[in-house]
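Residue numbering restarts at 1 for every chain, and letters A, B, ... go by the order of the sequence lines. None of these values were measured; they are calculated from a predicted model.
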There are 2 protein chains.
Amino acid sequence: MLNKSALVYDDLKQKIDQEVYKLGTYLPSENQLCALYGISRETGRKALAGLADNGYIQKIRGKGSLVIEHRQYAFPVSGIVSYKELAHKLNVTTTNIVYEFEPQASLPYGSFASLGGEQTTVPVTAIKRVRVLNGEPDIIDKDYILKSVVPNLPRRAAEDSLYAYFEQELGLAISYATKEITMEPATAEDRERLHVDDSMWIAVVRSVTSLEDARAFQYTESRHRADKFRFRDFARRQPQPF
Amino acid sequence: MLNKSALVYDDLKQKIDQEVYKLGTYLPSENQLCALYGISRETGRKALAGLADNGYIQKIRGKGSLVIEHRQYAFPVSGIVSYKELAHKLNVTTTNIVYEFEPQASLPYGSFASLGGEQTTVPVTAIKRVRVLNGEPDIIDKDYILKSVVPNLPRRAAEDSLYAYFEQELGLAISYATKEITMEPATAEDRERLHVDDSMWIAVVRSVTSLEDARAFQYTESRHRADKFRFRDFARRQPQPF
DNA sequence: TAGTGGTCTAGACCACGTA
DNA sequence: ACGTGGTCTAGACCACTAA
């Protein structure tokens with residue numbers, strides 16, 4: 001059972017996607033939403049704030065909540081979404097080849113927290129996978145999962161979906177991630193696994209994912225063929241303090 | 001004069017940056033914030049929600065608001081921030097060379113709205129600039145600004161800061177943008193202006209920026225040397241509906 | 001003038017964590 | 001048992017847009 005505001009959010013989002021509320025038109029006013037859903041105004045406003053955050057609407061004072069063009073799901077880096085979830089949304093055939101699985105690896109602690117120059121390492125499960133989209137190997141994913149959080153990660157979780165395993169089987173609450181995108185020349189491993197030559201560049205997405213209690217538990221390096229890489233973003237301007 | 005919640009947000013953010021509230025410690029509780037600032041709880045909660053959105057804190061039920069590592073300002077694509085603002089934050093010497101300025105250009109309407117196959121064009125001011133960071137030309141910016149919103153854009157605005165001109169001199173309220181990042185091989189123009197050879201790839205950021213009343217008014221194509229490109233992001237996981 | 005969103009309040013009840 | 005955050009409410013006042 002979700003919140004009232006989340007239910008209203010989902011309902012409005014769905015109606016926007018299905019063009020019950022069309023692009024360029026206004027949603028019902030806040031007072032009308034109160035009556036429609038039997039909620040208080042602040043509750044409806046929370047739902048609307050979520051839609052505005054995610055680029056579905058623009059609120060205009062004195063007028064209403066205008067439905068605007070919103071970002072579609074771009075392939076692989078917007079938000080924290082697993083491949084299985086994305087493939088489902090995009091109707092793409094994905095295959096997932098685990099070519100390395102090391103339950104007893106270790107990783108420098110600095111990968112998880114850029115605190116001091118800690119030289120210690122932490123025990124992790126290391127996984128390397130190739131994502132095959134529509135028959136072409138496009139992405140290498142290297143995942144390192146802390147054994148202190150997930151002691152025994154079954155290989156089948158890597159072959160299916162790590163997120164589904166973490167959330168549905170272990171009950172972990174994944175909360176946020178920091179990501180960094182850079183561009184790098186292809187390595188030998190990239191050339192071999194992605195079938196590209198050394199003139200190809202690679203878009204590298206490094207991320208650290210944390211749980212609701214703020215424990216970082218997963219470090220991921222995702223390596224995309226440059227010519228297949230695409231990232232979409234929606235951003236609101238913050239008042240600049242000068 | 002800002003909101004109460006914005007004032008509290010700014011004050012807390014500043015205290016986190018200055019390590020009055022240190023990484024790994026908890027902010028005062030919501031009830032304490034009410035007393036400290038003389039506000040109601042929902043007002044304080046709005047400030048905290050903003051800090052959580054921007055990756056400053058993680059709220060943990062039953063415990064409090066934990067200060068976490070937050071994204072620094074990465075160079076050029078996080079949020080909607082102008083170069084002048086970024087250069088100020090990062091203490092980098094930037095120069096800005098306007099090498100093309102065309103007050104009577106036109107652009108296909110489709111660049112602004114991916115509606116139908118509209119074949120009309122719209123009048124724009126076209127600007128091409130090279131950004132020189134620490135003595136190296138790293139970025140080409142191509143801006144197209146709708147003449148219906150900004151009829152007479154002075155060249156000096158392009159030489160200084162477009163955003164400062166829009167916001168401070170024209171009083172335009174810049175609200176949101178959609179961006180797309182892709183990678184492309186260097187063109188002849190890239191090679192000439194950025195002093196790279198044809199083995200270099202280019203990170204291309206295309207964006208459409210809109211005002212508070214949801215009018216799209218600026219289309220930008222920002223072309224970065226791949227080896228200098230870096231983008232940092234903070235994302236929270238949304239509940240997935242299946 | 002009437003309707004819209006923007007902000008703030010004081011209070012209530014719940015769920016979770018700690019002791 | 002107590003303090004924490006999570007949610008919701010009913011009402012108030014303000015600023016902006018439109019007719």
Quick one: [X] [atom1] to [N] [atom2], roughly how many Å, whole number?
| X | N | atom1 | atom2 | answer |
| --- | --- | --- | --- | --- |
| B:Tyr26 | D:dG3 | OH | C1' | 13 Å |
| B:Asp213 | C:dT4 | CG | C1' | 16 Å |
| B:Arg45 | D:dG5 | CZ | C1' | 6 Å |
| A:Ile57 | C:dT4 | CD1 | C1' | 13 Å |
| A:Arg61 | C:dG3 | CZ | P | 19 Å |
| B:Gln58 | D:dG5 | CD | C1' | 12 Å |
| A:Leu211 | C:dC16 | CG | C1' | 17 Å |

Check whether A:Lys13 reaches the backbone of A:Val8 with its side chain - one donor and one acceptor, N or O, closer than 3.5 Å. no
Are any side-chain N or O atoms of B:Arg41 and backbone N or O atoms of B:Cys34, one a donor and one an acceptor, separated by less than 3.5 Å? no
Just by distance, with hydrogens left out, do B:Gln58 and B:Arg236 show a side-chain donor and acceptor under 3.5 Å apart? yes
Side chains of B:Asp53 and A:Tyr176 only: does a donor on one sit below 3.5 Å from an acceptor on the other? no
N/O (side chain, A:Thr43) to phosphate O (OP1/OP2, D:dT7) under 4.0 Å: no
Which listed nucleotide ([options]) is nearest to the side chain of [X]?
| X | options | answer |
| --- | --- | --- |
| A:Lys4 | D:dC8, D:dG5, C:dG5 | D:dC8 |
| A:Ser5 | D:dC8, C:dG6, D:dT7 | D:dC8 |
| A:Lys59 | D:dG5, D:dT9, C:dG5 | C:dG5 |
| A:Lys63 | D:dC8, C:dA15, D:dT17 | D:dT17 |

Which residue in the set B:Thr209, B:Asp141, B:Asp143 passes side chain to side chain donor-acceptor pair (under 3.5 Å) when paired with B:Thr220? B:Asp143
Would you call A:Lys46-A:Glu42 a salt bridge at under 4.0 Å N-O? no
Identify, residue by residue, the members of residues 28-41 of chain A with a heavy atom below 4.0 Å from DNA chain C, and return them in order of residue number, or none. A:Ser29, A:Glu30, A:Asn31, A:Arg41
Taking the six-membered ring for Trp and the single ring otherwise, decide whether the centroids of A:Tyr21 and A:Tyr26 are under 6.0 Å apart. no
By the 4.0 Å heavy-atom rule, please label A:Leu48 as base, sugar-phosphate, or nothing. nothing
Under 3.5 Å, is there any donor-acceptor pair linking the side chain of B:Glu42 to the base of D:dC8? yes
With nearest nucleotide decided by heavy atoms, which residue, B:Ser65 or A:Ala6, maps closer to the 5′ end of DNA chain D? B:Ser65
